[in-house]
Every structure is written in structure tokens, then in C-alpha cells.
Engineer: 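Handing you this structure, nothing more for now.
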There are 2 protein chains.
Amino acid sequence: MSIQAVAAKAGVSVATVSRAFNFPGKVTPATRELVERVAHELNYVPNASARTLRTQRSRVLGVVLPTLLNPTFAECLQGIARAAVAGGYAIIPVTTGYKLDEEERAVHLLLAGNVDGLILVVSNPSSSAALPRLQAAGVPYVLAYNRHPDHPCVSVDGEGAVADAVTRLVLLGHRRIAMVSGTLAASDRAQQRYRGYLKGMAEAGLAAPALIEVPFVETAVDALSSQLQARNRPTALICSNDLLAIRSIRAAHLSGLSVPGDLSVVGFDGIALGEDLTPALTTITQPNSDIGRHSVELLIQAMASGATLQADASLLLPHAFRDGESCASVHEDDNNAAIS
Amino acid sequence: MSIQAVAAKAGVSVATVSRAFNFPGKVTPATRELVERVAHELNYVPNASARTLRTQRSRVLGVVLPTLLNPTFAECLQGIARAAVAGGYAIIPVTTGYKLDEEERAVHLLLAGNVDGLILVVSNPSSSAALPRLQAAGVPYVLAYNRHPDHPCVSVDGEGAVADAVTRLVLLGHRRIAMVSGTLAASDRAQQRYRGYLKGMAEAGLAAPALIEVPFVETAVDALSSQLQARNRPTALICSNDLLAIRSIRAAHLSGLSVPGDLSVVGFDGIALGEDLTPALTTITQPNSDIGRHSVELLIQAMASGATLQADASLLLPHAFRDGESCASVHEDDNNAAIS
DNA sequence: CTGTTAGCGCATTCAG
DNA sequence: CTGAATGCGCTAACAG
């Protein structure tokens with residue numbers, strides 16, 4: 001069903017049909033109604049490709065993210081999807097599995113697909129080969145979760161958040177506080193959060209034990225278990241994300257430690273599921289859905305004004321400490337063991 | 001950067017450039033190399049819209065699903081995404097929030113977007129207004145998770161799976177086995193699983209207590225708690241999905257019941273997260289990623305042969321019972337209480 | 001093996 | 001306010 005058919009049946013020109021749809025005001029009410037009626041009868045739907053070809057705007061946004069298996073990104077994508085439809089845009093998501101070459105491939109794919117703009121969560125803005133590509137192409141984009149002075153970003157203050165979390169644990173009496181992270185090199189978020197941990201520990205005058213890095217998620221529980229059975233095991237764990245926190249809790253149980261009785265665990269991300277667990281996850285929450293929504297809105301706004309987004313458009317969204325049940329005051333004897 | 005520019009710089013015709021890309025064999029190796037080199041230098045990328053307009057094929061698949069907040073569908077979408085890129089397709093996902101009018105809107109949107117085919121998870125194939133629309137449009141589609149004799153579906157035998165689960169619980173000594181479900185009317189999966197429950201109970205010669213329906217997820221835990229504190233409370237719960245199972249476990253704890261000590265809980269879906277919980281979730285696993293993958297492959301195959309998929313192309317994928325830690329033999333005294 | 005050309009469906013000048 | 005004509009970038013005949 002093309003615009004031609006509608007024009008013919010309505011006895012007007014294609015230009016009039018086009019106007020009736022795109023500039024209803026520029027057409028006599030009578031002819032507009034006529035066109036609308038005929039279009040409806042013929043079940044006419046404007047052809048998106050033709051329109052895109054002609055206007056050079058696809059009204060499609062590309063989304064590049066590491067994985068959908070982490071609810072954090074699923075929640076974010078949901079936010080993106082909602083905001084996109086609300087703004088009249090469709091989205092094409094591509095997952096990269098935290099792999100740099102996949103990031104590049106994804107951007108290439110999306111650019112070839114004629115997207116008007118991109119939202120991406122990259123491993124590390126500094127080392128991403130995809131970003132220069134994007135800038136060269138002149139396509140507007142915004143980074144979500146990442147933080148970098150040279151790029152437009154929508155994120156939270158992960159460093160400050162973790163530092164605060166350390167302070168809270170210290171107030172609960174914890175002294176041996178360890179951090180658990182995925183591969184540090186694979187994510188600037190993990191690096192920021194680790195910095196926050198170090199900062200918080202330094203401020204409390206505590207020595208920070210070595211980072212517990214669990215590169216491959218499959219073996220995370222085993223790796224953690226051995227650490228938790230060590231002589232001077234930590235009394236509290238700060239985990240770089242909620243998935244790790246959940247696995248840490250499991251590792252604790254497998255090691256015969258109860259949470260929060262013997263071990264306190266704090267997560268990061270604020271995935272919805274955390275509230276339904278037992279113990280309910282204590283975590284630093286990010287507004288995942290809002291991160292997605294704001295990314296879309298920033299992008300749409302930039303595209304409307306014809307400019308590509310600059311770094312100074314970056315948004316820092318508020319985080320929060322969600323008090324759950326996986327954290328408690330430290331046992332007296334535990335700390336004694338630490339001191340002695 | 002258009003094909004014209006490449007042709008000009010390479011000193012050949014646009015047709016040759018087009019062939020060099022689409023039918024490399026139909027071009028002299030020398031000219032092909034030349035074209036490729038020039039195209040690379042000019043950073044040329046074929047324009048997807050123009051190609052789509054010309055060929056009437058977008059190489060884009062639409063995906064309609066209820067939500068990404070349930071890891072089941074996130075896992076499925078991940079499977080869809082992988083298979084799609086592997087097959088040279090992009091995807092446009094749209095979420096419906098289990099709302100029928102949103103399903104219709106989504107299909108409309110996607111059809112207007114020129115997708116070549118659709119994968120959808122609808123509330124109920126029988127009552128969906130979106131499906132007739134699709135058939136009318138002649139666009140190939142496949143349903144995922146849904147089951148219906150008149151549509152091509154990729155799914156598992158939810159009814160049989162739940163009936164088997166009941167049998168297992170009975171073998172563990174359970175007699176008072178209840179089913180927990182979301183809004184039954186909102187999903188044919190829930191209905192199938194409930195039928196399986198009734199069947200399993202009947203086969204065991206047990207009376208099935210009324211379905212515990214928790215329409216609004218937010219209040220699920222409260223609703224469940226009250227049920228679990230009733231005089232003749234169930235000793236085992238079969239939940240229509242893993243998210244409900246997780247909430248049920250929380251409700252049990254809030255009611256002072258331990259899982260699996262006082263209450264056994266079985267889920268449905270097999271979300272990855274379930275294995276990391278404590279207790280690890282006992283559940284009926286579906287191959288979520290494979291459901292997505294097969295849906296894509298079926299669709300691509302159908303599109304290649306030019307036909308729209310028929311109901312007889314439906315696939316029934318294998319499910320499995322994943323033994324976790326949320327299920328145990330019933331306490332003797334609990335059953336006595338039931339008998340007395 | 002390569003070039004010329006038409007047209008996919010639409011938005012947009014420019015005339016009237 | 002409306003119509004005729006042009007071209008967005010590409011592929012598929014067809015001709016050479």
C-alpha cells in the first residue's frame with residue numbers, strides 16, 4: 001500500500017497525501033479528512049525506509065550494552081525502550097559480552113543500519129575504539145554508566161557511593177572490609193568503585209586487603225569460598241555489583257558463614273530482585289531505568305537541535321544506600337580476632 | 001558516502017560496485033579488489049534504507065515481549081539477539097507489560113517499521129488481536145513460549161512439566177501441595193501450568209487446594225504470607241515462575257517458615273540466577289536462550305523459502321527438572337497434622 | 001564482465 | 001491550498 005494508491009483513490013496528488021500526514025495544518029480540513037479516511041480504508045502505513053531515505057532520518061536509536069543477563073542492563077534497556085517509544089523512536093539493541101572487538105562491531109553494524117543516535121555502555125571510554133569511530137561519523141551518542149571527561153555520560157558517582165558504604169560498615173564496627181570485583185580491566189565502573197573503596201578505607205585509617213577479583217563468573221563462588229575460609233577473613237564484603245553480592249552470599253553459606261551474622265555483604269546496582277531475596281540485599285542503588293530514560297532524552301534533544309552531544313551535557317544521577325538484611329554490626333569476637 | 005562516490009573514484013559504474021559487494025563472484029578479482037580498496041578508503045557503508053526500499057527486505061526482525069524485568073525474557077532476548085546477528089538480521093524489541101492493547105500497538109509499530117518477520121510472546125494467542133492483524137499483513141511470525149494449535153510456536157510442555165513436578169513432590173511425601181500463580185487470565189503459560197498441576201494432583205489422588213493467585217507482584221509477598229500462616233498450610237508450593245518462587249521463599253521466611261525445612265518450593269523457568277541463591281532454587285528449566293534462537297532460525301528459514309510459517313512448524317523444546325535446595329521430604333508431623 | 005537505466009515510496013521544492 | 005517533478009541510494013534487468 002503506497003502513497004500513490006491513496007492519492008489515486010482519494011483523487012488528489014501524492015503531495016497532498018504526504019502533507020495531510022506530516023503537516024495537517026497545511027491542508028484543507030475537508031481534503032485532510034478525505035485522505036485520512038481513504039488511507040484508513042486502504043490500511044495504508046507510510047513506508048519507513050522510503051521516508052528515511054528521503055529525510056535522512058531513521059528515527060531509530062542504537063543501543064550497545066554488555067549483556068542482558070545482568071538485570072541492571074535489562075532494567076536500563078527497559079527504561080530506554082519506554083522513553084524511545086514515547087519520543088517516537090525505535091531501538092536496536094546489540095550486546096557485546098564485555099568484549100572490545102564486539103563493541104566496535106556493534107557500532108559498525110548500527111551505523112550501517114542508519115541509526116540517528118546511539119546509547120552505549122562500553123567497557124572503558126578511554127580504550128574503546130568504537131568511540132573515535134562514532135565521533136568521526138558525526139553521529140550523536142551518549143554513554144550510560146560510564147564516566148569520562150571527554151564524553152557525554154549519564155551515570156552516578158560510583159566512587160563516592162562506595163566510599164560512603166565503607167564508612168557505614170566502619171560505623172557498624174567492621175574493620176576487615178574486603179572488596180569483590182569482576183575483572184577490573186574490563187570495566188571503568190569497577191575501577192571507579194574500587195577507587196571509592198580505597199578512599200573509604202583510607203579515610204577510616206584502615207588497611208585495605210587485596211582486591212578479590214573473580215574474573216570468570218562461573219568460578220566466582222569457588223574462588224570466594226576459599227577467601228572466606230582464610231584465617232583473617234573479612235567480616236564485611238563490598239561487591240562491585242549485585243550479581244557478585246548474591247554469589248558472595250552463596251559462597252558464605254557454602255563456607256559455613258551466615259549472612260549477616262558472620263559476614264556482612266553490600267552490593268551495587270540496586271536490581272529489583274535484591275529486595276525479594278532472603279536476606280534482602282543491602283546495596284547501593286542506581287536509578288537504572290532513569291539512566292536509560294535520561295540517555296534517550298538527552299539524545300533526542302540533541303538531535304532536535306542538530307548538534308552532537310558534548311561532554312558538558314553529562315548527567316550525574318543520584319544514587320542511594322538501600323538498607324537490606326545482608327548487613328549487620330560486627331561480632332565483638334570477630335574484631336578481637338582481627339586485633340589480636 | 002554513497003555508492004556513486006565509490007564508483008566515481010574507482011572509475012567504474014555503480015552497478016559494478018553493487019556487484020562487488022553483493023555478488024563478489026560476478027566481478028573480476030582485480031576490479032573487486034579495487035572497489036573494496038576505494039570503498040574502504042572512503043569509509044563507505046551501504047545505505048540500509050535505500051537497500052531496503054529497493055529490495056523490499058529490511059533484514060530486521062521485530063520482537064514483542066511482555067517485559068525485560070523478568071530474567072526469563074531477558075535470557076530469551078539474548079538468545080534472539082545472538083541468533084539474529086549470526087543470521088545477518090537486526091532486531092527491534094518492544095515490551096508490552098502483559099497488556100493486550102500494547103501488544104496490538106507493538107505489532108502496528110513494527111509493521112510500520114518494515115520488519116521482515118516477528119517473534120512474539122503474547123498473553124494469549126486465542127485472544128490476541130495482534131495475530132489476525134499479522135496474518136492479514138502476510139508477515140511471517142512465530143510465537144515463543146505460547147502454545148496454540150493454529151499458530152507456529154516454539155515452547156515447552158509446561159503442562160506435562162508441572163504434572164511431573166507434582167509427582168516428584170508426592171514422592172517426597174508431600175500431600176498438601178499448592179500452586180502459586182500470577183494473574184491466570186493474563187497468560188496462557190500460567191493456564192497450562194495450572195492444568196498440569198491439577199492433572200498431577202488428580203493422578204496422585206490428592207485434592208487440589210484453591211490456586212493462590214497473586215495478581216499484583218508488589219503485594220505478592222504479603223498475600224502469600226497470610227496463606228502460609230493458615231491452619232492447614234501447604235507443605236509444598238509449585239510456583240508458576242521463578243520470580244514468584246523467589247518471592248514465595250521470602251514470604252515463607254517472613255512467616256517464620258524455613259525453606260526447605262518447613263516448606264518446599266518449586267519454580268518454573270530456570271533463570272540463571274536461581275542457581276546462585278541460597279537455597280538454590282529447585283525449578284523446572286526451560287531452554288530460554290534456545291527458545292529465542294530456534295524462533296529466529298525458524299523465521300529466517302521461512303523467509304528464505306518465501307512462505308509464512310504454519311502451525312505445523314511448531315517446535316516443542318525439552319524442559320528439565322533442576323534439583324536445587326528449596327525442596328525436601330516433608331516432615332512427618334506436618335503430614336500428620338494434615339491427616340488428623 | 002561491465003555499464004546504463006528505471007524505479008522502490010516518500011518529502012520537498014517550485015509553479016500555479 | 002494543491003499538483004507536477006525531482007532525487008534520496010541502491011539493486012536488478014537489460015544491453016553491450
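The chains referred to below are lettered A, B, ... by the order of the sequence lines, with proteins before strands, and numbering in each begins at 1.
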Engineer: Could you tell me whether the side chains of B/D269 and B/N288 share a donor-acceptor contact shorter than 3.5 Å?
Structural biologist: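 Side-chain D/A pair, B/D269 to B/N288: absent.
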Engineer: Please find the pair of heavy atoms, one from B/Q310 and one from B/T308, that lie closest to each other, and give the distance.
Structural biologist: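 Looking at all heavy atoms of both residues, the closest pair is NE2-O, 3.1 Å.
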Engineer: Under the ring pair (Phe, Tyr, Trp, His ring centres under 6.0 Å) test, which residues partner A/F21, sequence neighbours left out?
Structural biologist: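 A/F21 satisfies ring pair (Phe, Tyr, Trp, His ring centres under 6.0 Å) with A/Y44 once adjacent residues are dropped.
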Engineer: So what is the end-to-end bend of the helix from C/dC1-D/dG16 to C/dG16-D/dC1, with 5 pairs used at each end and the value given to 10 degrees?
Structural biologist: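 Inter-axis angle at the termini of the helix from C/dC1-D/dG16 to C/dG16-D/dC1: 40°.
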Engineer: Mind jotting down which residue pairs meet the ring-ring contact (aromatic ring centres under 6.0 Å, His included) criterion with at least one end in residues 76-112 of chain A? Sequence neighbours excluded, please.
Structural biologist: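 For residues 76-112 of chain A: none.
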Engineer: Would A/Y145 and A/Q286 count as having a side-chain donor-acceptor pair, cut-off 3.5 Å?
Structural biologist: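 Not at all, the side chains of A/Y145 and A/Q286 share no donor-acceptor pair under 3.5 Å.
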Engineer: So which protein N/O to nucleotides 14-16 of chain C N/O distances come out below 3.5 Å?
Structural biologist:
none

Engineer: In whole angstroms, how far is the C1' atom of C/dT12 from the CZ atom of A/F21?
Structural biologist: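 The distance from CZ of A/F21 to C1' of C/dT12 comes to 17 Å, rounded to the nearest Å.
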Engineer: Going by the rule ring pair (Phe, Tyr, Trp, His ring centres under 6.0 Å), which residues pair with B/H294 if we only count those two or more places apart in sequence or in a different chain?
Structural biologist: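 Counting only residues at least two positions away or on another chain, B/H294 forms no ring pair (Phe, Tyr, Trp, His ring centres under 6.0 Å).
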Engineer: Considering residues at least two apart in sequence or located in another chain, which fulfil the side chain to side chain donor-acceptor pair (under 3.5 Å) criterion with A/Q191?
Structural biologist: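 Result, side chain to side chain donor-acceptor pair (under 3.5 Å) vs A/Q191: none returned.
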Engineer: Test of understanding: with side chain to side chain contact (heavy atoms under 4.5 Å, CB included), list the residues that count as partners of A/E33, not counting sequence neighbours.
Structural biologist: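 Per chain and number, A/E33 pairs via side chain to side chain contact (heavy atoms under 4.5 Å, CB included) with no residue.
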Engineer: Distance alone, cut at 3.5 Å: any donor-acceptor contact between the side chains of B/T52 and B/S49?
Structural biologist: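 Note: B/T52 and B/S49 side chains miss the donor-acceptor criterion.
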Engineer: If you restrict it to nitrogen or oxygen atoms, what contacts under 3.5 Å exist between nucleotides 7-10 of chain C and the protein, and what is each distance?
Structural biologist:
residue, atom, partner, partner atom, Å
C/dG7, N2, B/R54, NH1, 3.3
C/dC8, O3', B/Q56, NE2, 3.2
C/dG9, N2, A/A50, O, 3.3
C/dC10, OP1, A/Y44, OH, 2.6
C/dC10, OP1, A/N47, N, 2.9
C/dC10, OP2, A/I3, N, 2.3

Engineer: Just distance, no hydrogens or angles: give the donor-acceptor pairs under 3.5 Å from side chains in residues 115-124 of chain B, sequence neighbours left out.
Structural biologist:
residue, atom, partner, partner atom, Å
B/D116, OD1, B/S58, N, 3.0
B/D116, OD1, B/S58, OG, 3.2
B/D116, OD2, B/S58, N, 3.1
B/D116, OD2, B/R59, N, 2.7
B/S123, OG, B/E103, OE2, 3.1
B/S123, OG, B/A186, O, 3.3
B/N124, OD1, B/S126, N, 3.0
B/N124, OD1, B/S126, OG, 3.4

Engineer: Under 4.0 Å, counting only non-hydrogen atoms across every strand here, what does B/T31 touch: a base, just sugar-phosphate, or nothing?
Structural biologist: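 It contacts sugar-phosphate atoms only.
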Engineer: Looking only at heavy atoms, which two atoms of A/A48 and B/A112 are closest? And how far apart?
Structural biologist: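 So the minimum-distance heavy-atom pair works out to CB-O, 3.4 Å.
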Engineer: NA contact type, B/V27, heavy-atom cut-off 4.0 Å: base, sugar-phosphate, or nothing?
Structural biologist: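 Contact class for B/V27: sugar-phosphate only.
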Engineer: Please list, chain by chain and in numerical order, all residues satisfying side chain to side chain donor-acceptor pair (under 3.5 Å) with A/N146, sequence neighbours excluded.
Structural biologist: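 Result, side chain to side chain donor-acceptor pair (under 3.5 Å) vs A/N146: A/R189.
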Engineer: Could you tell me from which nucleotide to which nucleotide of DNA chain D, 5' to 3', there is an atom under 4.0 Å from chain A heavy atoms?
Structural biologist: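 Answer, 5' to 3': D/dC1 to D/dG9.
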Engineer: For residues 21-30 of chain B, pull every pair meeting side chain to side chain donor-acceptor pair (under 3.5 Å), keeping only residues two or more places apart or in separate chains.
Structural biologist: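 Listed once each, the pairs are B/S18-B/N22.
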